[in-house]
2 protein chains.
Amino acid sequence: MTTTIEQPSRDADRTRAAILFAAQQIFAEKGFAEAGVRDITALAGVNPSLVSRYFGGKLKLFEAALDAALDPRLMTNLPKENFGKLIVARFADEDDRVSPLPMMFRAAGDSEARAITARLLRDRVFEPLQIWFGGDIAAVKAARFMMVSLGFFAYRDQLPLAEFAGPVEPSLRAWLESEFQAIVDD
Amino acid sequence: MTTTIEQPSRDADRTRAAILFAAQQIFAEKGFAEAGVRDITALAGVNPSLVSRYFGGKLKLFEAALDAALDPRLMTNLPKENFGKLIVARFADEDDRVSPLPMMFRAAGDSEARAITARLLRDRVFEPLQIWFGGDIAAVKAARFMMVSLGFFAYRDQLPLAEFAGPVEPSLRAWLESEFQAIVDD
DNA sequence: TCCTTATGTAAACACTCGTTTACTTACGTC
DNA sequence: GACGTAAGTAAACGAGTGTTTACATAAGGA
């Protein structure tokens with residue numbers, strides 16, 4: 001006989017996780033303002049009121065979703081001798097993962113969500129990067145990294161030019177790689 | 001006797017201009033979504049219904065306000081031998097003018113406003129820059145310019161770090177200048 | 001088996017916002 | 001000076017939103 005693990009039809013932890021997962025998808029796709037609580041809970045298959053009960057409201061849900069999507073190790077676990085090539089590959093090629101960048105850019109319209117974004121970006125990305133870079137100009141290095149990264153994603157996300165859709169143009173990609181490599185080499 | 005120019009208390013052109021000016025201020029300050037029609041018309045001192053009558057709605061008003069704020073000559077009228085220093089000075093130091101960048105970033109949350117932003121950015125900035133750069137890699141140069149510019153403004157606007165508030169840190173500024181200069185020199 | 005509690009749902013609430021409609025008023029013209 | 005039209009206003013409309021409240025029900029121990 002096949003033993004199936006009996007799952008209770010009501011599980012708060014699982015419901016909470018389903019809402020958080022759906023929130024990452026919808027927030028990244030529609031942005032904070034246009035993403036409705038009803039959209040998120042419909043994707044999760046639960047009732048809209050559970051957002052308030054489990055997360056304390058839409059804004060807190062956004063904070064939890066963005067926090068879960070941010071992982072500084074995606075950058076700081078790369079070898080510094082090949083940092084440029086590898087970080088560009090990670091930024092430009094991986095589409096399977098929910099990127100936190102669209103979520104961030106499209107939350108810029110809401111002042112409260114923008115404040116949360118700024119805080120998480122500083123604590124979860126900027127500070128770890130600064131420590132990882134090290135040295136007396138670590139802060140400037142981290143700033144340069146943020147500028148190039150934000151510029152790349154803003155360009156891709158907000159300026160959908162036909163000639164730059166799809167894969168990144170080779171010489172542009174080479175320039176980006178050298179930019180990132182120069183940050184760790186300086 | 002002092003001759004005062006008699007102004008009629010009702011002037012459609014003046015009212016239209018007042019709404020457009022107020023819209024630039026409010027949109028840049030609050031973003032598209034959080035900027036209410038009532039906020040804009042209150043600043044202009046007119047009735048909210050005039051937005052629909054004179055501009056055809058809030059979205060069309062945003063398009064007109066952004067279009068009026070975009071001026072490619074602010075970049076293409078600079079001498080190429082000192083382009084880096086001068087463009088950074090223009091970006092970092094001028095606070096008196098209504099910058100279109102906050103307007104653009106804080107409209108990213110609304111899908112329709114984002115589409116308008118993308119189109120205007122391409123037609124009014126990217127294309128003129130590409131022509132101005134010239135040569136066979138003009139498109140890549142224009143793309144690099146957009147990335148560095150967007151990165152700088154996104155960093156300043158969305159990541160209000162205490163250590164980088166106020167004037168740009170000198171070595172960071174020098175790096176930005178060399179980045180822009182390299183685009184025209186390559 | 002009963003009963004308490006956690007889990008989930010449905011519906012209404014309260015509020016905001018862009019827009020439209022009906023009305024008022026000042027200006028230019030005959 | 002009366003009148004028609006353009007300019008402006010006030011108020012309500014209608015749709016959408018996050019959240020709360022009241023109620024239903026499955027789970028698990030006594």
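What's counted below: heavy atoms across the whole structure, side chains too, no hydrogens, waters or symmetry copies. Letters A, B, ... are given to chains in the order of the sequence lines, protein chains preceding strands, and every chain is numbered from 1.
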May I ask you to decide if B:G36's main-chain N or O and B:D39's side chain share a donor-acceptor pair within less than 3.5 Å? yes
How does each nucleotide of nucleotides 20-26 of chain C score, in 5' to 3' order, for protein heavy atoms under 4.0 Å: base (B), sugar-phosphate only (S), or none (-)? B----BB
Between P of C:dG18 and CZ of B:F62, the distance in whole Å: 14 Å
According to salt bridge (charged side-chain N to carboxylate O under 4.0 Å, His left out), does anything in residues 47-65 of chain A pair up with another residue at least two apart or in another chain? List the pairs. A:E63-A:R119
Look at all strands and tell whether B:Y54 reaches a base, only sugar-phosphate, or nothing, counting heavy atoms closer than 4.0 Å. sugar-phosphate
I need the CD1-P distance between A:I40 and D:dG18, as an integer number of Å. 8 Å
With sequence neighbours excluded, residues passing salt bridge (charged side-chain N to carboxylate O under 4.0 Å, His left out) with B:D110: none
Separation of atom CZ in A:R38 from atom P in D:dT19, rounded to whole Å: 10 Å
Table please: side-chain donor-acceptor pairs of residues 45-52 of chain A below 3.5 Å, with sequence neighbours left out.
residue : atom : partner : partner atom : Å
A:N47   : OD1  : A:S49   : N            : 3.0
A:N47   : OD1  : A:S49   : OG           : 2.8

Could you state the CZ-P distance from B:R16 to D:dA6, rounded to the nearest angstrom? 17 Å
Residue pairs passing the ring pair (Phe, Tyr, Trp, His ring centres under 6.0 Å) test where at least one lies in residues 24-44 of chain B, sequence neighbours excluded: B:F27-B:F32, B:F27-B:F62, B:F32-B:F62
Of A:D39 and B:T15, whose closest DNA chain D nucleotide lies nearer the 5' terminus? B:T15
If you take the centroid of each ring, where Trp contributes its six-membered ring, are A:F145 and A:W132 closer together than 6.0 Å? no
Whole angstroms only, please: what is the CZ-P distance between A:F55 and C:dT7? 14 Å
What is the distance, rounded to the nearest whole Å, between atom CD of B:E34 and atom C1' of D:dT17? 15 Å
Applying salt bridge (charged side-chain N to carboxylate O under 4.0 Å, His left out), name anything that partners A:R114, two or more places apart in sequence or on another chain. none
To the nearest Å, how far apart are A:R14 CZ and C:dT7 P? 13 Å
Sequence neighbours excluded, the answer for salt bridge (charged side-chain N to carboxylate O under 4.0 Å, His left out) partners of B:K141 is none
Distance in angstrom units between B:F32 CZ and C:dT16 P, rounded: 19 Å
Could you tell me whether B:A35 contacts a base, only the sugar-phosphate backbone, or nothing, with contacts defined as non-hydrogen atoms closer than 4.0 Å? sugar-phosphate
Please enumerate all residues that pass salt bridge (charged side-chain N to carboxylate O under 4.0 Å, His left out) together with A:D123, with sequence neighbours excluded. none
Base, sugar-phosphate, or nothing: which does B:V46 touch, judged by heavy atoms less than 4.0 Å apart? sugar-phosphate
Strand-adjacent residues in residues 106-113 of chain A, judged by heavy atoms under 4.0 Å from DNA chain D: none
